[in-house]
Amino acid sequence: MPQHLDDRGRRERAHDAERRFSRIEPLLERVLTHAVRGSRIVDLRDTVSVSKARDAALAVAGREVAITNPGKVFFPGTGYTKLDLARYYAAVADGALRGISGRPIVLKRYVDGAAGEPFFQKRAPEQRPEWVETVELAFPSGRTAREIVVRDAAQLLWIVNLGCIDLNPHPVRADDLEHPDELRVDLDPGPGVGWDDVRRVTLVVRDVLDEHGLRGWPKTSGSRGMHVNVRIARRWSFDQVRRAALALAREVERRAPDLASSKWWKEERHGVFLDYNQNAKDRTVASAWSVRATHDARVSMPLEWDEVASCSPEDFTLVTAPARFRERGDASAGIDDAAGSLDGLLELSRSQEAAGLGDAPWPPHYRKQQDEPPRVAPSRQKIARTATERGGRRSTQPLITVAKAAHKPDALAGLERWKTRYPDAAGRLQEDDVLIDSMRGRSTTWTRIRINLRHVPEDARPREETPDPDYDPWSDAGPRRRAAPP
DNA sequence: GCATCCC
DNA sequence: GGGATGCAACGCACA
DNA sequence: TGTGCG
Ligand SMILES: [Mn+2]
Ligand SMILES: [Mn+2]
């Protein structure tokens, strides 16, 4: 359905029963739009009864999907409405679905439009049509959420009506939630870094991918950066995909040291940051053909490789993208035709490791990983080191928490189970190595048991695990942790 | 954006 | 009917 | 407790 909106907020629609209004107040337009769509006569003075206006409905994929508040301005400054957004997604549905189909999705909801404060929603709303699919997935913590899975245009428009502007799918499909089929190269230019540098780095990414047997599918992010998606066989874990992305980032940085950075800490970055951590489990990226919450409703646009050197991201918007889709199709249309192997990048990772480059920092909210370097910005670490050199006490005892419980006997039982699991370490513990603390919670008290492994040789120290039991003094019976496998 | 509570 | 309200992620590491 | 980071 063709539609043209100019940059002054005027709208004209050639087809469609909708008339042509110029420079009209959004509130009044809402009434008019509804009046026309509902084929009823409305007293134009009746602006008070706006709330009675009927919802719009779009017919897609054999269903009628309701769009509530269709006339609500979602992009102030351009005047594009929620209905404009829904129609955009209906027009490019085949492209947008290629990026999200079968994947659990995190809802980023802009219920007050692009200029409002968005919120994230992982758990599918309780109230939903039976034709909206969901899947239960586990976070790294073991907690779980039932997330929405979109496979057709009706399901897509249903989440658009919830206020989703950009779409944020996980890199896995619902039928295998532990093995990503997409490695995502996320190029984030730092403050003041221009589009030219983004393009140059993107082309280096292509070289490195190519030399490791992989095909990348570039797209503008719709914001200031670029994304290069890589379809891979579902054979590697999240951690492995992340390590492959880290290896790629470091190699790109090595080849373009003035333009690119693989460093997590902002104070160490320069130029374009290659965000390897976006491949960690439970992280998502805005998908192809997503509209972004920018003032001009920019779109994350798939590109041919020969367009990368010359394209301008501002050319792709909610208004211009449908024509490109009709005329040229989806530049990523072939992304599902072949799945690549991570072997090459993982070999690169091993060679980097041999050269002294191991794992790199993880984002906040993730448990400390084996072999992860200290997760602290170097500048803050230096301050501490200086304090220590001045005579401060070195505080690091090898303490691990083994049990947390509301009642002391439960915690002690957990300690006994730990001793049974690690008899060797338990045998080396000396007096005062087991610390039993009474902790003050919100309104009650609970017990924590920690073990000091100072008398256990370093290579014989058990890793810290999730405490058993793992009482959460903050929790009020929220979503529960998934039971550990037997 | 929507369910729910309440006037 | 409609206004007010609550709710809608991940949740650790480190100083 | 504040700050790290998307
Ligand atoms: Mn990005
Ligand atoms: Mn990023």
Side-chain angles (χ1 to χ4, degrees), chain A residues 48-52 55 66-70 72 74 82 86 104-113 116-128 137-148 158-166 168 170 184 186-188 190 221 223-225 227 238 242 245 263-269 273-286 360-369 372-388 392-396 399 401 464 466-467 470 472-475 478-479 481:
Chain A
V48 185
S49 62
V50 155
S51 55
K52 289 181 187 167
D55 296 344
I67 303 298
T68 58
N69 297 312
K72 183 170 184 175
F74 252 42
K82 194 181 174 197
I105 280 192
V106 173
L107 306 179
K108 187 176 185 181
R109 298 180 58 185
Y110 300 80
V111 295
D112 212 10
E117 192 65 31
F119 59 88
F120 293 91
Q121 180 165 357
K122 296 193 172 180
R123 292 173 183 81
E126 288 291 342
Q127 293 288 122
R128 57 179 185 263
L137 60 73
F139 303 128
S141 68
R143 282 159 45 92
T144 61
R146 179 162 291 280
E147 292 190 3
I148 287 179
W158 190 79
I159 67 172
V160 169
N161 184 56
L162 292 178
C164 296
I165 295 180
D166 49 318
N168 294 272
H170 287 273
R184 293 165 171 176
D186 176 25
L187 285 72
D188 293 337
S221 75
S223 184
R224 299 178 53 235
H227 297 152
F238 280 95
R242 175 181 166 279
K263 296 289 194 293
W264 176 248
W265 303 112
K266 287 183 172 181
E267 64 197 39
E268 295 187 300
R269 289 183 200 168
F273 170 51
L274 291 127
D275 186 359
Y276 60 90
N277 271 333
Q278 212 56 243
N279 290 280
K281 190 179 189 182
D282 194 35
R283 309 277 278 199
T284 59
V285 172
W362 285 65
H365 314 316
Y366 286 79
R367 287 206 287 262
K368 177 88 169 169
Q369 307 288 315
E372 182 187 356
R375 195 187 299 174
V376 58
S379 64
R380 309 180 118 247
Q381 195 173 41
K382 270 175 202 150
I383 289 163
R385 192 174 298 144
T386 304
T388 306
R393 179 161 51 141
R394 196 165 286 283
S395 60
T396 44
L399 278 177
T401 300
E464 180 158 19
T466 302
D470 184 22
D472 178 1
W474 304 97
S475 163
R481 199 180 289 272

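All values below come from the heavy atoms of this structure, side chains included, with hydrogens, waters and symmetry mates left out. The sequence lines fix the lettering, A, B, ..., with proteins before strands; numbering per chain opens at 1. Quick caveat, the model's predicted, so the values are computed rather than measured.
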K.L.:
Rounded to whole angstrom, note down the P distance from D:dC5 over to C:dA9.
P.N.:
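D:dC5 and C:dA9 have their P atoms separated by 25 Å.
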
K.L.:
Which nucleotide in the set D:dG4, C:dC10, B:dG1 lies at the smallest distance from any side-chain heavy atom of A:R380?
P.N.:
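Per side-chain heavy atoms of A:R380, the pick is D:dG4.
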
K.L.:
D:dG6 C1' sits how many Å from A:W265 CH2, rounded?
P.N.:
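A:W265 atom CH2 is separated from D:dG6 atom C1' by 12 Å.
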
K.L.:
Need the pair for B:dA3. Rule: Watson-Crick or G-U wobble, both distances under 3.5 Å, any strand; none if unpaired.
P.N.:
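Base partner found: C:dT5.
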
K.L.:
State whether the side chain of A:E267 and the backbone N or O of A:S379 hold a donor-acceptor pair below 3.5 Å, judged by distance alone.
P.N.:
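Yes; judged by distance alone, with no hydrogens or angles, the pair exists.
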
K.L.:
Quick one: label A:D112 by what it contacts on the DNA or RNA (base, sugar-phosphate, nothing), any heavy atom closer than 4.0 Å.
P.N.:
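Here A:D112 touches no strand at all.
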
K.L.:
Output yes when at least one side-chain N/O atom of A:R269 is less than 4.0 Å from OP1 or OP2 of D:dG6, else no.
P.N.:
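For A:R269, the contact criterion (side-chain N or O under 4.0 Å from OP1 or OP2 of D:dG6) is met.
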
K.L.:
So what does A:Y366 hit on the nucleic acid, given a heavy-atom distance under 4.0 Å: a base, only sugar-phosphate, or nothing?
P.N.:
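Sugar-phosphate, no base atom in range.
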
K.L.:
Tell me whether the OP1 or OP2 atom of B:dG1 has a side-chain N or O from A:N69 closer than 4.0 Å.
P.N.:
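Checking A:N69 against B:dG1: at least one side-chain N or O falls below 4.0 Å of OP1 or OP2.
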
K.L.:
Which pair of heavy atoms, one from A:Q381 and one from A:P374, lies closest together, and at what distance?
P.N.:
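Looking at all heavy atoms of both residues, the shortest contact is NE2-CB, 3.7 Å.
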
K.L.:
Ignoring backbone atoms, establish whether A:R123 has a side-chain N or O less than 4.0 Å from OP1 or OP2 of C:dA8.
P.N.:
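So the side chain of A:R123 is outside the cut-off, no N or O lying under 4.0 Å from OP1 or OP2 of C:dA8.
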
K.L.:
Please report the distance separating the C1' of C:dA8 from the corresponding atom of B:dA3, rounded so that it comes out in whole Å.
P.N.:
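12 Å, rounded to whole Å.
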
K.L.:
Answer yes or no: does a side-chain N or O of A:T68 lie under 4.0 Å from OP1 or OP2 of B:dC2?
P.N.:
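True: A:T68 side-chain N/O within range (under 4.0 Å) of B:dC2 OP1/OP2.
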
K.L.:
How far does CG of A:N69 sit from CG of A:D55, to the nearest 0.5 angstrom?
P.N.:
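Nearest 0.5 Å value for the CG-CG distance: 7.5 Å.
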
K.L.:
Considering only B:dG1, C:dG11, D:dG4, which nucleotide approaches the side chain of A:K82 most closely?
P.N.:
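Side chain of A:K82 sits closest to B:dG1.
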
K.L.:
Base, sugar-phosphate or nothing for A:W264? Non-hydrogen atoms, less than 4.0 Å.
P.N.:
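If one applies the 4.0 Å heavy-atom cut-off, A:W264 turns out to touch the sugar-phosphate alone, with no base involved.
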
K.L.:
Think A:K281 has a side-chain N or O under 4.0 angstrom from the OP1 or OP2 of C:dC10?
P.N.:
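A:K281 to C:dC10 OP1/OP2: no side-chain N or O under 4.0 Å.
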
K.L.:
Stem list for DNA chain D, please, built from Watson-Crick and G-U wobble pairs under 3.5 Å and keeping only runs of at least 3.
P.N.:
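So far as stems of 3 or more pairs are concerned, DNA chain D shows C:12-15 with D:1-4.
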
K.L.:
Can you measure from CG (A:D166) to OG (A:S223) and round to the nearest 0.5 angstrom?
P.N.:
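Nearest 0.5 Å value for the CG-OG distance: 10.0 Å.
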
K.L.:
Classify A:K368 by what it touches in the nucleic acid, base, sugar-phosphate, or nothing, heavy-atom distance under 4.0 Å.
P.N.:
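Contact class for A:K368: sugar-phosphate only.
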
K.L.:
Taking only N and O in the side chain of A:R143, is any of them less than 4.0 Å away from OP1 or OP2 of C:dG11?
P.N.:
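True: A:R143 side-chain N/O within range (under 4.0 Å) of C:dG11 OP1/OP2.
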
K.L.:
If I take atom CG in residue A:N279 and atom P in nucleotide D:dC5, what distance separates them, rounded to the nearest angstrom?
P.N.:
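Value for this atom pair: 19 Å.
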
K.L.:
Could you give the CZ-to-P distance, from A:R367 to C:dG11, as a whole number of Å?
P.N.:
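Answer to the nearest Å: 9 Å.
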
K.L.:
Taking only the side-chain nitrogens and oxygens of A:K108, find out if one of them lies under 4.0 Å from OP1 or OP2 of C:dA8.
P.N.:
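Checking A:K108 against C:dA8: no side-chain N or O falls below 4.0 Å of OP1 or OP2.
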
K.L.:
Tell me, do A:Y110 and A:E117 make a side-chain contact under 4.5 Å, heavy atoms counted?
P.N.:
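A:Y110 vs A:E117: side chains apart.
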
K.L.:
Check this for me, if you would: do A:R184 and A:D275 make a salt bridge, where the nitrogen-to-carboxylate-oxygen distance has to be below 4.0 angstrom?
P.N.:
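Result for this pair is no, no salt bridge flagged.
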
K.L.:
Is it the case that the side chain of A:Q121 and the backbone of A:R109 share a donor-acceptor pair, with hydrogens and angles ignored and the cut-off at 3.5 Å?
P.N.:
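Absent.
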
K.L.:
Give me the distance, rounded to whole Å, that separates C:dG11 from D:dT3 when you measure between the P atoms they each carry.
P.N.:
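The answer is 23 Å between these two P atoms.
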
K.L.:
To the nearest 0.5 Å, how far apart are CD in A:Q278 and NE2 in A:H227?
P.N.:
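These two atoms lie 7.5 Å from each other.
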
K.L.:
Could you please name the option among D:dG6, C:dA15, B:dG1 that lies closest to any side-chain atom of A:H365?
P.N.:
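The listed nucleotide nearest to A:H365's side chain is D:dG6.
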
K.L.:
Is any side-chain nitrogen or oxygen of A:R128 closer than 4.0 Å to OP1 or OP2 of B:dA3?
P.N.:
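No, no such contact exists.
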
K.L.:
Is it true that a side-chain atom of A:R375 and a backbone atom of A:P363 form a donor plus acceptor pair closer than 3.5 Å?
P.N.:
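Pair found, side chain donor or acceptor close to backbone of A:P363.
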
K.L.:
Across the strands shown, which category fits A:P374 at heavy-atom distances under 4.0 angstrom: base, sugar-phosphate, nothing?
P.N.:
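Sugar-phosphate, no base atom in range.
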
K.L.:
A:N277 near the nucleic acid: base, sugar-phosphate alone, or nothing, with a heavy-atom cut-off under 4.0 Å?
P.N.:
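Answer is nothing: A:N277 stays at 4.0 Å or more from every strand.
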
K.L.:
Answer with base, sugar-phosphate or nothing: what part of the nucleic acid does A:Q127 contact at a heavy-atom distance below 4.0 Å?
P.N.:
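The residue A:Q127 makes sugar-phosphate contact but no base contact.
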
K.L.:
Considering only side-chain heavy atoms of A:V376, which listed nucleotide, C:dC10, D:dG4, C:dA15, is closest?
P.N.:
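Out of C:dC10, D:dG4, C:dA15, the nucleotide with an atom closest to A:V376's side chain is C:dA15.
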
K.L.:
NA contact type, A:P363, heavy-atom cut-off 4.0 Å: base, sugar-phosphate, or nothing?
P.N.:
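Nothing, no heavy atom under 4.0 Å.
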
